[in-house]
Asker: 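Got a structure here, written out as structure tokens. Questions coming.
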Amino acid sequence: MNKTGEYSRSSATFKPEDSGYNAFKLSPNIPLRAGVISNPSSGGNKKGLREVNKIISRHPQVLHLEATTVTDTLTALKEFARNGINLVVINGGDGTVQTVLTAMFFWKPFKNIPLLALLRGGTDSIIARDSGLRGARDQALTRLLNWVSKREGPWRMVQRTVMKADVPALDYPLYGMIFGAAVIYEASEFCHRNLHAKGVGGEWAPGLTAARYVLGVIRGEATYRQAVPISIRTDQGLNLKNDFLMVLITTVDRLFFGLRPFWGVEKAPLHVTLIHDRPEHMAQVFSLLAFGKASRYRKPEYGYFSHNANEVRLQISGGFALDGQLHPPSSSGQHVVITNGAPASFLIG
């Protein structure tokens with residue numbers, strides 16, 4: 001495990017299997033068999049998996065496997081596929097979700113994509129708060145497995161697009177849901193170093209970090225105004241090259257505390273939000289944004305851009321973060337292509 005993420009990369013070489021995926025269709029007539037994959041190194045699991053194992057022991061039909069690397073994850077998913085698992089429960093944080101999605105969509109161990117259920121087993125678990133099970137890890141797992149055995153109760157399914165990030169420096173593409181560069185990369189480092197290290201997690205960690213950075217930008221503090229030269233081009237016609245304070249690309253419907261910092265109108269799944277290096281009226285824009293309201297200053301002429309796309313091509317001089325995993329700056333810059341990777345269905349309740 002590396003210091004900034006939940007999963008270590010593996011030196012193993014894989015070849016993706018050739019099979020297509022369609023989104024899972026939930027029906028009362030389709031029996032569900034659950035498999036739980038736990039990352040014992042994720043923030044919410046560091047105190048151990050004793051209670052998780054206790055809950056699962058009451059459901060002998062449930063297969064529980066642990067994984068801490070992408071190699072482990074692929075092995076676990078292949079075991080799930082051999083045992084007819086069609087509901088994969090992910091017990092970990094955002095980095096864990098990313099690794100499972102990468103193994104699932106790149107190497108395709110399943111003939112048909114399973115239904116996914118996310119537990120809040122990470123430090124922040126931003127993706128699980130958008131597309132996962134409500135409540136603490138153990139309570140959510142208990143409710144879920146009881147529902148799977150009885151199929152009674154107000155459960156429903158949501159569909160999200162999983163984005164594919166191609167980075168030439170990496171051995172294989174990454175599949176995830178939240179990409180950030182410029183101040184988001186710096187803020188993620190700050191959050192790991194100053195809040196996670198002190199035990200602050202949940203929505204409070206990214207929330208406090210965002211508040212501190214917004215305040216720093218408003219005050220004109222140099223530490224918090226480190227813009228990065230970035231060129232960005234989308235299939236919907238956006239083509240910009242400038243210094244940007246923030247780059248956010250995501251397919252979730254909400255971030256921490258329900259924040260939805262995207263307002264594009266194009267019919268495409270990748271929400272792209274950019275903030276120019278010297279935005280105007282930032283206090284008003286962000287205060288209204290926090291309450292889901294629009295500001296009359298939320299326009300390109302004031303330094304704010306938001307569009308939807310199917311493909312985004314970026315050239316970044318700094319580092320970037322994908323689902324909480326930090327990718328440091330490269331001496332030659334980073335060329336990243338983000339596309340509409342695949343649909344995924346998540347069980348919520």
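Please read these numbers as outputs of a predicted model, since none were measured by experiment.
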Asker: Output, in order, the C-alpha distance, side-chain angles, deciding distance and verdict of side-chain contact (heavy atoms from CB on, under 4.5 Å) for Phe346 and Leu115.
Answerer: CA-CA 6 Å; Phe346 296 88; Leu115 180 61; 5.9 Å; no

Asker: Please answer whether the main-chain N or O of Ile178 pairs with a side-chain N or O of Asp323 as donor and acceptor at a distance below 3.5 Å.
Answerer: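 At least one qualifying donor-acceptor pair exists.
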
Asker: When rounded to the nearest 0.5 angstrom, what is the spacing between CD1 in Ile249 and CD1 in Ile338?
Answerer: 3.5 Å

Asker: Work out which heavy atom in Ala67 is nearest to a heavy atom in Pro40; give both atom names and the distance.
Answerer: O-CD, 3.9 Å

Asker: What is the distance from atom CZ of Arg298 to atom OG of Ser306, rounded to the nearest 0.5 Å?
Answerer: 7.5 Å

Asker: Check Gln334 against Pro329 and note the closest heavy-atom contact, atom names and distance.
Answerer: NE2-CA, 3.9 Å

Asker: Using every non-hydrogen atom in the two residues, find where Ile316 and Val336 come nearest and quote the distance to one decimal.
Answerer: CD1-CG2, 4.4 Å

Asker: Begin from the C-alpha positions of Val252 and Ile126 and carry the test side-chain contact (heavy atoms from CB on, under 4.5 Å) through to its verdict.
Answerer: CA-CA 9 Å; Val252 300; Ile126 295 175; 5.7 Å; no

Asker: Answer yes if the side chains of Gln98 and Asp94 hold a donor-acceptor pair under 3.5 Å, and no otherwise.
Answerer: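 Short answer, no.
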
Asker: Hey, are Asn146 and Arg58 close enough side-chain-wise for a donor-acceptor pair under 3.5 Å?
Answerer: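 The answer is no; no qualifying pair exists.
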
Asker: I want to check something: taking the side chain as every heavy atom from C-beta on, are Asn86 and Leu32 in contact at a cut-off of under 4.5 Å?
Answerer: yes

Asker: Indicate, with yes or no, if Tyr172 and Met163 share a hydrophobic cluster defined by side-chain heavy-atom contacts under 4.5 Å among Ile, Leu, Val, Met, Phe, Trp and Tyr.
Answerer: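 Result: yes, single cluster for both.
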
Asker: With a 4.5 Å heavy-atom cut-off, do Phe106 and Pro173 have their side chains touching?
Answerer: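 Yes, side chains in contact.
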
Asker: Is the shortest heavy-atom distance from the side chain of Arg129 to the side chain of Arg254 under 4.5 Å?
Answerer: yes

Asker: Side chains of Thr339 and Glu311: is there a donor and an acceptor less than 3.5 Å apart?
Answerer: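 Checked: Thr339/Glu311 side chains show no N/O donor-acceptor pair below 3.5 Å.
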
Asker: Describe, in one word, how the ring planes of Phe320 and His327 are oriented to each other, choosing from parallel (under 30°), tilted (30 to 60°) and perpendicular (over 60°).
Answerer: parallel

Asker: Is it the case that more than 12 heavy atoms not belonging to Arg50 sit under 6.0 Å from its CZ atom?
Answerer: no

Asker: Taking side chain as C-beta onward, heavy atoms only, is Leu144 less than 4.5 Å from Trp155?
Answerer: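 Leu144 reaches Trp155 side chain to side chain.
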
Asker: Is the shortest heavy-atom distance from the side chain of Leu116 to the side chain of Val97 under 4.5 Å?
Answerer: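 Leu116 vs Val97: side chains apart.
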
Asker: Is the cationic atom of Arg143 (NZ for Lys, CZ for Arg) positioned less than 6.0 Å from the six-membered ring centroid of Trp147 and within 45 degrees of its normal?
Answerer: no

Asker: When you group the ILVMFWY residues by side-chain heavy-atom contacts below 4.5 Å and let the links chain together, are Met246 and Tyr302 in the same group?
Answerer: yes

Asker: Using side-chain hydrogen bond (donor to acceptor under 3.5 Å, both in side chains), reason through Ser38 and His64 one step at a time and then give a plain yes or no.
Answerer: CA-CA 8 Å; Ser38 292; His64 182 209; 2.8 Å; yes

Asker: Is the shortest heavy-atom distance from the side chain of Phe262 to the side chain of Arg260 under 4.5 Å?
Answerer: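 Yes, at least one pair of side-chain atoms sits under 4.5 Å.
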
Asker: When you compare the side chain of Leu141 with that of Ile56, does any pair of heavy atoms fall below 4.5 Å?
Answerer: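 The answer is yes, as the side chains (C-beta and beyond) meet within the 4.5 Å cut-off.
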
Asker: Between Tyr304 and Trp263, is the gap from one ring center to the other below 6.0 Å?
Answerer: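 Here the rings of Trp263 and Tyr304 have centres that are no less than 6.0 Å from each other.
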
Asker: If you apply the rule side-chain contact (heavy atoms from CB on, under 4.5 Å), what do you find for Thr250 with Leu270, and how did you get there?
Answerer: CA-CA 6 Å; Thr250 184; Leu270 306 179; over 6 Å; no

Asker: Give the C-alpha distance, both sets of side-chain angles, the deciding distance and a yes or no for side-chain contact (heavy atoms from CB on, under 4.5 Å) between Ile232 and Lys241.
Answerer: CA-CA 6 Å; Ile232 181 168; Lys241 184 176 182 180; over 6 Å; no

Asker: Linking I/L/V/M/F/W/Y whenever their side-chain heavy atoms sit closer than 4.5 Å, directly or via other members, would Leu238 and Val337 fall into one cluster?
Answerer: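 They do not share one cluster, since no chain of ILVMFWY contacts under 4.5 Å joins Leu238 to Val337.
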
Asker: As an exercise, state the distance from CD of Gln61 to CD1 of Ile85, rounded to the nearest 0.5 Å.
Answerer: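 Nearest 0.5 Å value for the CD-CD1 distance: 9.5 Å.
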
Asker: For Ile113 versus Met104, what's the shortest heavy-atom pair and its separation?
Answerer: CG1-SD, 4.1 Å

Asker: Assess the side chains of Thr75 and Asp72: does a donor N or O sit below 3.5 Å from an acceptor N or O?
Answerer: no

Asker: May I ask you to test the Asn91-Asn39 pair for a side-chain heavy-atom distance under 4.5 Å?
Answerer: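 Side chain of Asn91 against side chain of Asn39, heavy atoms only: no contact under 4.5 Å found.
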
Asker: Determine whether a donor-acceptor pair (N or O, by modelled atom type, separation under 3.5 Å) exists between the side chain of Ser131 and the backbone of Ala128.
Answerer: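 Side chain of Ser131 to backbone of Ala128, a donor-acceptor pair under 3.5 Å: no, none is there.
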
Asker: Checking side-chain hydrogen bond (donor to acceptor under 3.5 Å, both in side chains) against His271, which of Asn308, Asp253, Thr161, Thr251 comes through?
Answerer: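 Only one of Asn308, Asp253, Thr161, Thr251 forms a side-chain hydrogen bond (donor to acceptor under 3.5 Å, both in side chains) with His271, namely Asn308.
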
Asker: May I ask you to decide whether Arg278 forms a salt bridge with Asp243, counting only side-chain N to carboxylate O separations under 4.0 Å?
Answerer: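 Salt bridge: no.
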
Asker: With rounding to the nearest 0.5 Å, note down the distance linking CG in Leu77 to CZ in Arg82.
Answerer: 10.5 Å

Asker: Take Asp235 and Arg313 through the salt bridge (Lys or Arg N to Asp or Glu O under 4.0 Å) test and state the conclusion after the steps.
Answerer: CA-CA 9 Å; Asp235 65 313; Arg313 293 180 173 268; over 6 Å; no

Asker: For Ala344 versus Phe105, what's the shortest heavy-atom pair and its separation?
Answerer: CB-CZ, 4.1 Å

Asker: Quick check on side chain to side chain contact (heavy atoms under 4.5 Å, CB included): which of Thr96, Leu65, Val100 does Thr73 satisfy it with?
Answerer: Val100

Asker: Closest approach of Gly92 and Ser42, non-hydrogen atoms and distance?
Answerer: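 Smallest interatomic distance, heavy atoms only, reads CA-OG, 3.6 Å.
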
Asker: Within this structure, what is the NZ-CG distance for the pair Lys108 and Leu74, rounded to the nearest 0.5 Å?
Answerer: 12.0 Å

Asker: How long is the span from the CZ atom in Arg137 to the CG atom in Asn45, to the nearest 0.5 Å?
Answerer: 5.0 Å

Asker: Can a side-chain donor-acceptor contact be found between His307 and Thr234 if the only test is distance below 3.5 angstrom?
Answerer: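 Checked: Thr234/His307 side chains show no N/O donor-acceptor pair below 3.5 Å.
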
